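Below is one structure; the comments refer to it alone.
Values below: all heavy atoms of this structure, side chains included; hydrogens, waters and symmetry mates excluded. As the structure is a computational prediction, the values presented were derived from the model and not from experiment. Here, residue 1 is the first one in the sequence, and each next residue gets the next number.
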Amino acid sequence: MIEIETDLLVVGSGAAGLTAALTASASGLKTLVIEKTDYIGGTTALSGGVMWIPNNHLMAKSGLDDSTEKAMDYLRNTVGNRVAEDRLLSFVENAPEMLRKMTEEGWLEVEMFEGFPDYRAEVKGGAEEGRSVEPKVFVGRMLRGIFASLRSRKFSSSIVGTMTELRRLAVIKTSFLVAMKSWRVLWRAVSGKLFRSRYVSSGRALVAWLTYSARRQGVKFELGHRLLELIEEGGRVVGATVESRGLVKKIRVREGIILAAGGFEHNKDMRARYLGKNAATDRSSGSPGNEGDAIASARKVDAALDLMDEAWWAPTFMVPEAGPQIVIFERGKPGQIVVDRNGDRFANEAQPYNDFVKAMFDSLVFDGEMTSCYMIFDQTFRDRYPLANMLPGVTPEKYILSGFLKRESTLEALAARIGVDAGRLMKTVLRFNQMAISGKDHDFGRGDFAFDRFSGDPVATPNSCLAPLDRKPFYAIELFAGDLGTKGGLLTDRFARVLREDGSSIPGLYAVGNCSSSVMGNFYPGAGGTIGPAMTFGYVAAKHLANARDLV
Ligand SMILES: Cc1cc2nc3c(=O)[nH]c(=O)nc-3n(C[C@H](O)[C@H](O)[C@H](O)COP(=O)(O)OP(=O)(O)OC[C@H]3O[C@@H](n4cnc5c(N)ncnc54)[C@H](O)[C@@H]3O)c2cc1C
């Protein structure tokens with residue numbers, strides 16, 4: 001059997017693993033990253049790349065008020081005691097330090113996600129703006145040969161823009177001046193072709209920045225290498241067996257292993273066992289390699305698990321050819337509602353995606369079975385806003401023909417198409433239309449919250465999230481309870497060390513990102529609430545390992 005020796009083995013090449021590897025290598029540890037698939041980046045590369053970093057240095061620069069105490073208040077009021085207080089504090093203290101280090105070293109360039117409030121900004125300690133930060137566009141050409149190994153979406157848009165820029169572009173039909181603030185997108189389209197810059201944005205940009213910097217710091221990458229088992233000697237993890245194209249190799253580590261192998265969203269058995277039957281069907285947008293391998297291997301060395309019934313939930317369309325597509329800001333736009341199989345609204349459509357799916361679980365179980373629901377909208381909505389890969393006003397016939405998008409000239413006919421009582425749907429729409437005109441959603445408060453308004457259309461009045469559905473034809477798309485990946489996994493302490501059931505830590509073993517049980521408990525704090533902690537604990541784990549070595 002081939003044997004390899006290194007100081008640190010990092011398993012997985014998403015935000016968590018790359019941050020850990022970069023930090024460790026810069027601290028002098030010989031670091032090897034193994035990645036099961038042939039592509040670098042995991043779900044991170046498919047994501048918006050936004051990081052939730054309370055009290056970050058960009059906020060201070062912009063005069064936005066934040067502090068450790070304020071952020072802790074927010075998390076105490078939301079995560080509560082579901083997660084140990086010292087882990088929460090470790091996140092809140094280390095997140096801004098991690099981001100500052102990354103940017104000061106020039107490893108990553110970031111900017112604020114303009115205007116983005118926390119998902120419960122109204123709660124004590126919540127922030128109206130500033131905690132969500134995103135990567136700047138990266139010039140992919142700098143990665144040279146390895147550019148081709150960056151994971152990309154199945155169908156990626158040719159528009160390269162930050163999340164802030166893309167959000168502004170979404171209202172191009174109603175607020176041209178707002179959209180034009182994103183003029184750089186046009187410039188990139190032209191200059192990218194001219195200079196072969198290969199610009200990448202959002203999650204791909206984050207992965208590109210981190211990969212580029214990690215390689216410059218001497219991190220070695222092995223793609224197509226899958227963790228099989230951990231090797232334990234005398235209660236300490238000293239290595240792992242990995243498999244690559246049918247060959248099993250042994251990797252011995254002098255300092256430790258950081259597991260950063262994502263969640264178990266694509267493991268059918270684990271979904272059924274842990275997420276339960278309401279979420280057993282895989283409608284996850286997570287990266288294909290995320291099958292819970294790290295969790296399974298650490299279980300064999302007695303690791304404890306937590307939050308296994310949880311995921312980063314997101315309402316999801318199943319788009320023909322493209323597959324699962326999460327529905328985030330679209331639900332805040334005026335002119336659409338979401339109804340259950342009775343034709344009733346059941347929640348504030350504009351609320352944060354994680355909360356919306358929890359409302360689906362609460363409201364859509366009929367006779368013990370989870371059902372889906374439908375987003376209903378009119379022609380004005382279709383003309384104004386992008387949706388499910390469709391540009392405003394452009395409705396591909398293939399979506400109609402495939403039945404993905406149902407279109408009818410009356411609401412009665414639409415109700416019949418989706419198997420909903422026509423009278424009830426008419427009643428729901430009539431009531432919604434009256435409330436939209438008055439500007440107040442008396443049933444679910446849509447538009448009353450900072451996040452709702454952020455998703456809405458700034459020029460829509462009197463409520464930026466409401467408009468009547470009154471122009472034919474009418475449309476329906478089935479909406480499912482999907483996820484961005486799971487968030488339950490290996491229980492860790494404030495240094496990201498993996499714990500046993502008895503609370504002791506397993507020497508030499510760390511877990512970060514979605515294979516660890518989330519520091520956010522059952523909550524989703526704000527945009528970037530998964531990647532922010534993933535990077536922070538990647539940084540914390542690497543620092544802890546490096547410090548431990550220095551103490552010997
Ligand atoms: C469309 C979309 C948008 C999103 N936007 C955001 C956002 O803006 N902000 C945010 O915070 N979150 C966002 N998320 C969620 C976020 O992307 C993930 O939660 C996060 O990136 C997970 O990071 P990670 O490092 O833990 O795992 P990943 O990025 O998934 O990386 C794990 C890697 O480990 C590899 N691996 C698995 N098993 C093994 C093995 N046995 N051996 C070796 N390697 C293995 C996988 O192949 C994968 O490459 C989004 C998700 C989606 C789908």
Side-chain ion pair, [X] and [Y], N-O less than 4.0 Å:
| X | Y | result |
| --- | --- | --- |
| K101 | E97 | no |
| K487 | D306 | no |
| R76 | E85 | yes |
| E35 | R226 | no |
| D457 | K333 | no |
| R283 | D483 | no |
| K358 | E310 | yes |

Short side-chain donor-acceptor distance under 3.5 Å, [Y] and [X]:
| X | Y | value |
| --- | --- | --- |
| W313 | D355 | no |
| N514 | T43 | no |
| T37 | R151 | yes |
| N94 | T536 | no |
| T316 | Q325 | no |
| E104 | W107 | no |

Is the Lys NZ or Arg CZ of [X] less than 6.0 Å from the centre of [Y]'s six-membered ring, within 45° of the axis?
| X | Y | value |
| --- | --- | --- |
| R87 | F495 | no |
| R331 | F317 | no |
| R131 | Y74 | yes |

| query | Got more than 12 heavy atoms from elsewhere within 6.0 Å of NZ, K70? | reply |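 More than 12 within 6.0 Å, yes.
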| task | Apply the test side-chain hydrogen bond (donor to acceptor under 3.5 Å, both in side chains) to residues T68 and E93: give CA-CA distance (whole Å), side-chain angles for both, the deciding distance (0.1 Å), then the verdict. | result | CA-CA 7 Å; T68 303; E93 287 181 341; 5.5 Å; no
| Derivation of the ring pair (Phe, Tyr, Trp, His ring centres under 6.0 Å) call for Y524 and Y353 | CA-CA 9 Å; Y524 203 133; Y353 35 102; 5.1 Å; yes
| What's the verdict on ring pair (Phe, Tyr, Trp, His ring centres under 6.0 Å) for F454 and F116, showing C-alpha distance, side-chain angles and the deciding distance? | CA-CA 7 Å; F454 181 76; F116 212 133; 4.2 Å; yes
